[in-house]
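Start at 1 with the first residue, then count along the sequence. Read the numbers this way: they start at 1 and go in the same order the structure lists the ligands and their atoms.
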Amino acid sequence: MRAFYQRLFPFRYLFQWLNHSASPSNDFAHREFAFTLPNDAYLRYQSFVSADLLRKQCMQLIPSRFEIGPVYSTNPRDRKTLRKASMFRPISKELVFDVDMTDYDSIRTCCQGASICGRCWSFITMAIKVVDAALREDFGFKHVLWVYSGRRGAHAWVCDRRARDMDDGKRRAVAGYLEVLRGGDKGGKKVNVKRPLHPHLDRSLRLLRDHFQADILLDQDPWRADDRFAALLALLPDAELAAALRKKWESAPERPSASKWADIDVLAAQGAGSAALDGKALKEAKQDIILEYTYPRLDAEVSKKLNHLLKSPFCVHPGTGRVCVPIDVRKVEEFDPLAVPTVTDLLGEIDAWDGSHSSEEDDAENAKKLQDWEKTSLKPYVELFRAFVSGLLKDERVVKREREEGGESMEF
Ligand code: ZN
């Protein structure tokens, strides 16, 4: 891990990302970092003036991970020396979101607990698509960074100044806007939404419909087992239709979910439902079921508080050894969590690169200029992060100039 911090962790870009400028400022210096040490001790309220000092501390303490908290009104290290405790308060932080496979255990059939595979990762892909679209199209945010959490989930960091300046009330409002499934693991219907559908839900359904067909009905096949189709029947709006379906499915053991899903409309068309059942109610119930099985399950608590800490991008997950790399949202379908490099892979790649280049004198000059991460499969991820940070800094310069000129056009 020391070699990882020394040779691979992109501290310079992390600094620029959090500092919103290349020259040092309080955006970075007053930012809280929290370290988890190898002996599991947890060190809060750490702060650093520069990327280099953060790097030195990481090389000295070799944290198994570190988290990023808010920018405070004063330096977090000085908080105990202040005359009044109220002088120390959080003033800004990225708006963050956390989606984790734990919240999908009741509907995924391929894996349980800590394990993941390509099939259940599609739940995270769906969540990223829906949340990213809402953040950009409904809230107008531009700088949304998605990061693999290292095992079975993803984090979003919304870095626009307008998002960073939000108080807890506004954060709760955004989290509430995105929350559609209610009731946790208690069972019962989790989706209860008004009609006509809110444009966000209408768009979400459009984004999710194909995933429902491929990833849920075919891959997860959640109602195939004879002890599982009751969950589907419980979500239908008509008891007579449900009874007719039950009869059909009991006489056709292990009937695939895609067939069962199609049976609903077929039997309804044959008049198996009660006289009261209308096509609209059935259509809406089916939309609700699609949402229940595909709509993002966010850990809302993470988003609601300005002072919530979240694991830094590019940390290493201690369980998997994988680096928490950024996910290119434009190619989110292609992201494969099981192909993300581990620290051991990366250090091996540096050695292999050095080994194959040291003897060739022509390359010696070029080799000196290369950063170690450029010799490894971490390269595309660092470049993605660098491009993201550069886009953010460009907009920050515009905002700063407008503020200096007295313009308020970028204000909330
Ligand atoms: Zn799986």
Distance alone, cut at 3.5 Å: any donor-acceptor contact between the side chains of [X] and [Y]?
| X | Y | answer |
| --- | --- | --- |
| Tyr42 | Glu67 | yes |
| Trp223 | Tyr293 | yes |
| Glu333 | Thr125 | no |

Hey, which protein N/O/S atoms does the Zn ion (ligand 1) have under 2.8 Å?
-> Cys110 SG, Cys111 SG, Cys117 SG, Cys120 SG

Is the ring centre of Phe35 less than 6.0 Å from the ring centre of Phe66?
-> yes

According to the interplanar angle, ranging from 0 to 90°, do the rings of Tyr177 and Phe139 count as parallel (below 30°), tilted (30 to 60°) or perpendicular (above 60°)?
-> perpendicular

Sequence neighbours excluded and cut-off under 3.5 Å, please list the side-chain donor-acceptor pairs for residues 52-63, or say none.
| from | atom 1 | to | atom 2 | distance (Å) |
| --- | --- | --- | --- | --- |
| Arg55 | NH2 | Gln6 | O | 3.2 |
| Gln57 | NE2 | Gln46 | OE1 | 3.0 |

